[in-house]
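The structure displayed is predicted, hence computed values, not measured ones.
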Amino acid sequence: MMKKAVKQFMACCLAVGIALGSVGTVALADNNRSMTLAGLSETNTVVSSSSTLAGLSETDAVVSTEGAQSATADTDASDEAAEASESVDTTADAAAETADTDEAADTATVSAETEAQTETEAVYDTSMSGELAFAQCENYINVRAEASVDGEVVGKVYNNGSVTILGQLGDWYEVQSGNVTGYVNAAYFATGEEADTIAEAVAYNVATVNAEGLWVHSEASEDSSTIAMVYSSDQLEVVAYEGDWMKVVLEDGTYGYINAWYVSYDTYYSTAETLEEEQERLDAQWLAYLAEQEAEAAAAEAAAEAAAAAEAAAAEAAATETEAYTYTETYADSSSASSSSSSSLSEAQAAVEEAYQTYLEAQEAADAATQQADEQLVYDTYDEAVAAYQDYLSAVAVADELKYSTTTDTSAATDTSASETTYTEAAASTETTYTEAAQTEAVQTEAAQTEAAQTEAAQTASTEASTTTTSTSSSSSTGQSIANYAVQFVGNPYVYGGTSLTNGADCSGFTQSVFANFGISIPRTAAAQASSGTSVSLSDIQAGDLLFYSDGSGISHVALYIGNGQVVHASTSSTGIIISSYNYRTPVCARRYWS
């Protein structure tokens, strides 16, 4: 509007200038005659001859009558120029108004687009920064480089694993956990009070000794007896925090109390791992498995060689007997069976390795599928990975069964050979006795009496054995029921700190939950479980007993014996709950809770 006013003012000024300029062309008559301004009618142009036009001297204004027509023409031209100027100004004003309108419209459009864009863009929210959240899933959740399902996977958080929230972008949390930083889908994480509840259940609390030496007491009191001494930098698992005292577990599984003023207290949770860390863990576990298989194979081979040597010595000693060929034939058969079993075991172990490689490839394909937008491909590859893992577990079970049966067959062959040898010797001895006894009736009578005594003793022993067997069978049925219940969870995941038989448990959480199903309460940790219950000799273990393994510094793992030389246990996060040979590692002790 300002520009328009300025233009109108300039137009007015231009018109006035033209009018003033035309004054110089006014024609004047004699003193008594009227005058007419060029381009105007006489009715509005009459002035006296004595008049002087404003801004001009009389000399400038007076012209001869001969110049009147010329002045009139000039005045007409001036009027036309003024009209043209007004037309130009009007056009300029219209153009200026149009330009102003377009500019305003453009500004409004840009403003609207900016507002719309602001409304659709997700805002990065830091109100939850620093909060602890826990993954809630079947297995694991991918951590991505961007807040999108198309983002690159940079790590994994397993069920009940912890993350620290840095911020929120739409439906995604930016998190940090372990060595992983990235984005996770917020729908799969528990926060607030739910997270607090989970934290209490999965926390691993550790006390680090700060004093040079610290007594461990039997009770939460300085006046109670001392049971051990711990030293600077020693770390102890804390199972309870009671005022100024902490209840801890020692390496041998013993519970005790330490003064909280002399230790630092830390709480740990399971965290995410990078893809590189995951692969390193899987590789280490595979190498450890191969090492165990090689050690077991070497032990079995050494045992077989020792048994073969013993059998060879026995065969050589029995060669002088009348029917020694029977022993020799049996030995040859057992050797052949042992050789065949060893060959089958080697093939089974090769099948295990092949199945594991297939599983790794299937898992890699499943991970790669998550980088694509094909949802069905994700499901298909995941199912294939699960199937490959089940095949791997089956191959392991077959190999374990062959290893156990190989040892059993060798022992059985040895026992059979000894039995047959004894029978041969007994037959020769009986024949000689009978020949001598035929000569004297008294000898026959004595033999008959002896036979009767043996028969009576055999009947008594049979009765006692029957009673013992009935009692043992009744008590061991509970242990077998526990073992049968536990094996149905094979294939379910391993979760550090977990106690769920279906969604995930660690080794001691698995055994604790299995026994809880039978109304039997046992401690939470492997070390504590190893120090309770009834001690059982490793040579007398039965189904339902717990076997414990050491890492050199204390009890580190627990498994449930299911009979036939096998255990079921929550092994690792990569293998889950599996069945293994009971001596896949050397057990250090056994405990029974069901009798």
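For the pair Tyr593 and Ala528, the tightest heavy-atom approach, listed with the atom from each and the gap, is OH-O, 4.3 Å. Considering all non-hydrogen atoms of both residues, Asn210 and Ser264 come closest at ND2-N, 3.3 Å. The two residues Asn503 and Asn159 have their closest heavy-atom pair at O-ND2, 3.7 Å. Across all their heavy atoms, Glu242 and Ala220 have their closest contact at OE1-CB, 4.4 Å. Smallest separation of non-hydrogen atoms from Tyr204 and Glu237: CE1-CD, 3.7 Å. Pairing each heavy atom of Gln480 with each of Ile562, the nearest pair is NE2-O, 4.1 Å.
Few gaps surround CD on Gln357; more than 12 heavy atoms of other groups in view lie less than 6.0 Å from it. The number of heavy atoms from other shown groups lying within 6.0 Å of CG (Asp171) does not exceed 12.
Here the CD atom belonging to Glu384 is positioned 11.5 Å from the OG1 atom belonging to Thr358, to the nearest 0.5 angstrom. How far OG1 of Thr534 is from CH2 of Trp594: 10.0 Å, rounded to the nearest 0.5 Å. Interatomic distance, Asp244 CG to Tyr257 OH, rounded to the nearest 0.5 Å: 14.0 Å. Atoms OG and OH, on Ser580 and Tyr289 in that order, are 8.0 Å from each other to the nearest 0.5 Å. The CZ atom of Phe548 sits 8.5 Å away from atom OG of Ser531, with the distance rounded to the nearest 0.5 Å. Distance CD/Glu292 to CD/Gln285: 10.5 Å, rounded to 0.5 Å.
Ring pair Tyr241/Tyr265 is tilted by interplanar angle, where 30° to 60° counts as tilted. Ring orientation note: the planes of Tyr485 and Phe489 are nearly perpendicular, at an angle over 60° on the 30°/60° scale.
No hydrogens or angles considered: a donor-acceptor pair under 3.5 Å links the side chains of Gln529 and Thr511. With 3.5 Å as the limit, one finds no donor-acceptor pair spanning the side chains of Thr572 and Arg281. No side-chain N or O of Gln176 forms a donor-acceptor pair with one of Thr181 less than 3.5 Å apart.
With contacts defined as side-chain heavy-atom distances shorter than 4.5 Å, the pair Glu354/Asp391 does not qualify. Side-chain contact between Val588 and Ile555: present, with at least one pair of heavy atoms (C-beta onward) separated by less than 4.5 Å. For the pair Thr164/Leu132, a side-chain contact is recorded, criterion being any heavy-atom separation below 4.5 Å from C-beta on. In this structure the side chain of Val209 never reaches within 4.5 angstrom of the side chain of Tyr231, judged on heavy atoms. Residues Asn139 and Tyr158 have side chains in contact (heavy-atom distance under 4.5 Å, counting atoms from C-beta outward). Contact annotation: the side chain of Ile198 approaches that of Gln136 to within less than 4.5 Å [non-hydrogen atoms, C-beta and beyond]. Counting heavy atoms from C-beta outward, Tyr173 and Val163 have side chains that stay 4.5 Å or more apart. Counting only heavy atoms from C-beta outward, the side chains of Thr191 and Ile165 approach each other to under 4.5 Å.
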Next on the checklist: The test is side-chain contact (heavy atoms from CB on, under 4.5 Å); show your working for Leu546 and Phe515 and say whether it passes.
Outcome noted: CA-CA 11 Å; Leu546 296 183; Phe515 277 93; 3.6 Å; yes

Checklist entry - Could you walk me through whether Glu273 and Glu280 pass the side-chain contact (heavy atoms from CB on, under 4.5 Å) check? => result CA-CA 10 Å; Glu273 61 182 0; Glu280 289 177 1; over 6 Å; no

Item to check | Derivation of the side-chain contact (heavy atoms from CB on, under 4.5 Å) call for Trp286 and Glu353 | outcome: CA-CA 9 Å; Trp286 177 240; Glu353 184 170 354; 3.4 Å; yes

Checklist entry - Hey, mind stepping through Leu236 and Ile258 against side-chain contact (heavy atoms from CB on, under 4.5 Å) and telling me if it holds? => result CA-CA 10 Å; Leu236 307 170; Ile258 58 175; 4.1 Å; yes

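A donor-acceptor pair is defined here as one N or O able to donate and one able to accept, closer than 3.5 Å; no such pair exists between the side chain of Ser225 and the backbone of Ser218. Side-chain atoms of Ser162 come within 3.5 Å of backbone atoms of Ser270 as a donor-acceptor pair (strictly under, hydrogens ignored). Panel note: side chain Asn492, backbone Leu501; a donor-acceptor pair is recorded below 3.5 Å. Of the possible polar contacts, none joining the Arg524 side chain to the Gln512 backbone as a donor-acceptor pair under 3.5 Å is found. The closest donor-acceptor contact from the side chain of Ser513 to the backbone of Thr499 lies under 3.5 Å. The backbone N or O of Ala187 sits less than 3.5 Å from a side-chain atom of Asn185, completing a donor-acceptor pair. A donor-acceptor pair is defined here as one N or O able to donate and one able to accept, closer than 3.5 Å; no such pair exists between the side chain of Asn564 and the backbone of Gln566. At least one donor-acceptor pair under 3.5 Å links the side chain of Asp545 to the backbone N or O of Gln542. Counting only distance, with no hydrogens or angles, the side chain of Thr274 and the backbone of Glu277 share a donor-acceptor pair below 3.5 Å.
In this structure, the ring of Tyr549 has its center no less than 6.0 angstrom from the ring center of His569.
A salt bridge is absent between Arg585 and Asp551: the closest approach of a Lys/Arg side-chain nitrogen to an acidic carboxylate oxygen does not fall below 4.0 angstrom.
Of the candidates Ser508, Ser550, Cys507, Pro587, His557 forms a side chain to side chain contact (heavy atoms under 4.5 Å, CB included) with just one, namely Cys507.
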